[in-house]
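A short write-up of the structure that comes next.
Within every chain, numbering begins at 1; the chains are lettered A, B, ... in the order of the sequence lines, protein sequences first and strands thereafter.
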Amino acid sequence: MFLQFKSQVTQALTSALEANGLEVTYLSLEESVHADIASSVAFRLAPVCKKSPADIASMLAASINVPENGLIDRVETKGPYLNFYINQTFLDRTVSAIRAQGHDYASQTGRGKVILEHTSANPNGPLHVGHIRNSIIGDTLGRILEKAGYEVETQYYINDMGRQIAIVSWALEHFDFDTEKKSDHAIADIYIQANRVLNDEPDKKAEIDELIQRIEDGDPDVAERFKHAVDLAMEGIKYTLGRMNIHHDSFAWESTYVRNSDVSTTVSRIKDTGRTVVDDGALMVDLSDYGFEKKLVILRSDGTSLYTTRDLAYHLWKAGHCDRMIDVLGADHKLISGQLKAVLNALGENEPEIVIFEFVSLPEGSMSTRRGKFISTDELLDQINTQALVEVEKRRPDTSDDFKQEVANFVGIGAIRYDVVKVSPEKSTVFDWREALDFEKQGAPFIQYSHARACSILANAEGSGVKLADLEHHISVLVEDQEIELIKHLARLTAVIDTAAVDLKPHHLATYAREVADSFNQFYRYVPVLNAEVSLRDSRLVLVDCARNVLSIVLDTLGLHAPKSM
RNA sequence: GGGCUCGUGGCUUAGCCAGGAUAUAGCGCCGGGCUUCUAACCCGGAUGUCGGGGGUUCGAAUCCCUCCGGGCCCGCCA
């Protein structure tokens, strides 16, 4: 509803400008504490009109026609500013729309197909706390895009043939694999050992090189061994992702593109652009006209392909299967993804949109699976669950053990997901246990609690015989500030989903979720529902149901559980 | 050395792309509120050279230049 309001304001203001023979490229509309929408366009017109901004604002305000049956209540001037305010129709339609559309409120359709790649961690160990930033941003983006009307396919690109996997495969034959442990953790153990040995005895590296050569040549025995290694790691990784409510629609295996000759086709196509040169036996692409000083190697001097080469083949495949390609990648991929886009562009293909997130490091330095320096996601999830249980015990001592465990589970996962997604991706962070396990801050539990409170009111009402579906609502009786503020917040959902989907910024939704919860809690504190006189009570119950619905949509879109009770 | 990126109260953080009215919120700190729908809540207060310096502009946290500090990257790893 907010978007409709905004477009009506745009129209009204544009006509007023025309009426005065004025033209402007940008209306300077902004949300503001002073108005529902404010415009500072008068400043920009001052030089042209040779009048003061305040005079221009008054002049425009005088010629603004507030349309009948619209959403604008009035326009006021405050010095040079033009302040637009919403009317009761806006509030009424917002509530009616939410009520009528239920969980589909703010859902759009028909915007095309998206292939969204995220996580794609190398299968050489468990996910660590750096990887989950990728997973959580990616999963949340997927949910936002779906809500915004895209058909979304999330993909995990499995690196099943690089040097790292050769080392894991080699390690499986030289060290004891601990079958008691979760498989991805056991893989990390031997991977770390192998790296240590390879570091101490460099001559063993020849064995790894041989494996890489054989996998590239399509040796079925080596392929089988690699697959076994990858499966062990992936089994554990998928389980961990599942714990966080994250699931991929499909898994793309890197080796596929070598075996089906997409890689060699890709190399030929790149050669055809005339950009390739051979240097020391290696095939390189010149991208200097795209601003990349150094050439990009796409074939080693022994003729084998590199990660980049296979990634190019993968992206060429994706380009032919969707309308939007989106990759969520760590900051270390900034350069390489730029080069990848340049090559695709040179081939005349669509380029992916890249969402880059900065690193999560430990207080003692950056994380590394190879060196065994990382905190695993499983460990974090276990710790958060334990801590969450303590919190539930403290707050709901009289409930059953099952209830406590269930609450601890969704509160813990919610806290992690929300903590990660609320921060804009370009901020590098340092992992801190105390911070991660802190339940005092206003995060996911705050939003989930608001939802539970709304559910509780509705349940009590239904318990005393009220039929929610039959209630009549009269917007004119909702006159408290908290009621109006709440409705205005609810009205913004569509706009928030839309900008988050366009800009690929999931943290906007996180901020919005907090604001809605905040707004509902204030309403809850100051506006009695069940004890109000009947017609007032009914209208408020409808509003509570709308708030519950929006909170549940928002929680769902953030991948968080929306509890009826906690 | 070069490139990219971040720097906002004690800590964490929004706003920056598309410059405007008292700079967003949380934690922590001080004080207040449970005989009313779940207090994982609500209300009030203190705390800010928006990293430093220049510039553009009627107006800069936001744009430009420069310096400082953190992170990431810089051809046959992924």
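B/C16 and B/A23 have their C1' atoms separated by 12 Å, given to the nearest Å. Between B/G9 and B/G48, the distance separating the two C1' atoms is 5 Å to the nearest Å. On the P atoms, B/G7 is 15 Å away from B/C11, given to the nearest whole Å. Nucleotides B/A61 and B/C50 place their P atoms 7 Å apart, quoted to the nearest Å. Taking atom P on both nucleotides, B/C68 is separated from B/G75 by 25 Å, rounded to a whole Å. Nucleotides B/G71 and B/G26 have their P atoms positioned 31 Å apart, rounded to a whole Å. Nucleotides B/A18 and B/U22, compared at atom P, are 24 Å apart to the nearest Å. With both ends at atom P, the span from B/A60 to B/A21 equals 11 Å, rounded to whole Å.
Here A/K78 lies in heavy-atom contact (under 4.0 Å) with a base. Note on A/R310: only backbone sugar-phosphate atoms sit closer than 4.0 angstrom, heavy atoms only; bases stay farther off. Contact annotation for A/V527: base contact, defined as any heavy-atom pair under 4.0 Å involving a base atom. At the heavy-atom level, A/V407 lies under 4.0 Å from base atoms of the strands shown. Looking at heavy-atom distances under 4.0 Å, A/S361 makes no contact with the nucleic acid at all. The residue A/T511 sits apart from the nucleic acid: no heavy atom pair falls under 4.0 Å. As judged by a 4.0 angstrom heavy-atom cut-off over every strand, A/D280 is placed among the base-contacting residues. A/N83 comes within 4.0 angstrom of a nucleotide base, judged by non-hydrogen atoms across all strands. At a threshold of 4.0 angstrom between heavy atoms, the contacts of A/K441 are confined to the sugar-phosphate backbone, with no base atom among them. Residue contacts shown for A/A38 include a base, since a base heavy atom lies under 4.0 Å away. At the heavy-atom level, A/Y526 lies under 4.0 Å from the strands shown only through sugar-phosphate atoms.
A heavy-atom distance below 4.5 Å is found between the side chains of A/L29 and A/T10.
When the side-chain nitrogen and oxygen atoms of A/S424 are compared with OP1 and OP2 of B/A14, one or more of them lie within a distance under 4.0 Å. Checking the phosphate oxygens (OP1, OP2) of B/U38, a side-chain nitrogen or oxygen of A/N460 falls inside 4.0 Å. Checking the phosphate oxygens (OP1, OP2) of B/C43, a side-chain nitrogen or oxygen of A/Q522 falls inside 4.0 Å. Put simply, A/K294 has a side-chain N or O that comes within less than 4.0 Å of OP1 or OP2 on B/G75. Applying the 4.0 Å criterion to OP1 and OP2 of B/C76, one finds that A/Y307 has every side-chain N and O outside that range. Within the 4.0 Å cut-off from OP1 or OP2 of B/A39, at least one side-chain nitrogen or oxygen of A/R453 is found. Phosphate contact (OP1/OP2 of B/G15, side-chain N/O of A/H507, threshold under 4.0 Å): present. Within the structure, every side-chain polar atom (N or O) of A/R163 is placed at least 4.0 Å from both OP1 and OP2 of B/C76.
Nucleotide B/G75 holds its P atom 9 Å from the CG atom of A/L335, rounded to whole Å.
Enclosure of atom CD in A/E364 by more than 12 non-hydrogen atoms of other residues, nucleotides or ligands within 6.0 angstrom is indicated. No more than 12 heavy atoms of other residues, nucleotides or ligands sit less than 6.0 Å from atom NZ of A/K50.
Taking the six-membered ring where the residue is Trp, A/F410 and A/H561 present tilted rings, their angle falling between 30° and 60°. Relative ring orientation between A/H128 and A/H131 is described as parallel, the plane-to-plane angle staying below 30° on a 0-90° scale split at 30° and 60°.
Distances from the side chain of A/R514 to the nucleotides B/A25, B/A21, B/A18 place B/A25 closest. Here B/U8 is the nucleotide among B/U8, B/C77, B/A21 with the atom lying nearest to any side-chain atom of A/K427. Of the candidate nucleotides B/G15, B/C73, B/A21, B/C73 has the atom lying nearest to any side-chain atom of A/D332. Of all nucleotides listed (B/C76, B/U38, B/G71), B/U38 comes nearest to the side chain of A/A452. For A/N531, taking side-chain heavy atoms from C-beta onward, the closest of the listed nucleotides B/U36, B/C77, B/U38 is B/U36. Here the nucleotide nearest the side chain of A/K295, chosen from B/C4, B/G75, B/U22, is B/G75. For A/A282, counting side-chain heavy atoms from C-beta on, the closest listed nucleotide (B/C27, B/U12, B/C76) is B/C76. Checking B/A40, B/G15, B/C42 against the side-chain heavy atoms of A/R395 singles out B/A40 as nearest. Side-chain proximity of A/F43 to B/C4, B/A18, B/C58: nearest is B/C58. Taking only side-chain atoms of A/V423, from C-beta outward, the nucleotide of B/C37, B/U22, B/U13 with the closest atom is B/U13.
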Problem - Step-by-step salt bridge (Lys or Arg N to Asp or Glu O under 4.0 Å) determination, A/E533 to A/R537 - result: CA-CA 6 Å; A/E533 164 278 314; A/R537 182 200 66 179; over 6 Å; no
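Here OG1 of A/T119 is found 11.0 Å from CD1 of A/I158. Values are rounded to the nearest 0.5 Å.
Taking 3.5 Å as the limit, the base of B/A39 and the side chain of A/N521 contain no donor-acceptor pair of atoms between them. Looking at A/T429, its side chain has no donor and acceptor atom pair within 3.5 Å of the base of B/U12.
Nucleotide B/C4 has B/G71 as its partner under the Watson-Crick or G-U criteria, with both atom distances under 3.5 Å. The partner of B/A14 is absent, by the rule that a Watson-Crick or G-U pair needs both atom distances under 3.5 Å.
Judged by closest nucleotide on RNA chain B, A/G443 is the one of A/G443 and A/F446 placed further toward the 5' end. Both A/E426 and A/S456 lie close to RNA chain B; mapped to their nearest nucleotides by heavy-atom distance, the more 5′-ward contact belongs to A/E426.
Base orientation for B/G75: syn, the chi torsion being within 90° of 0.
Annotation: cation-pi geometry not satisfied between A/R310 and A/Y257 (NZ/CZ under 6.0 angstrom from ring centroid, within 45° of ring axis). Geometrically, A/K204 does not engage A/W170 in a cation-pi contact defined by less than 6.0 Å to the ring centre and at most 45° from the axis.
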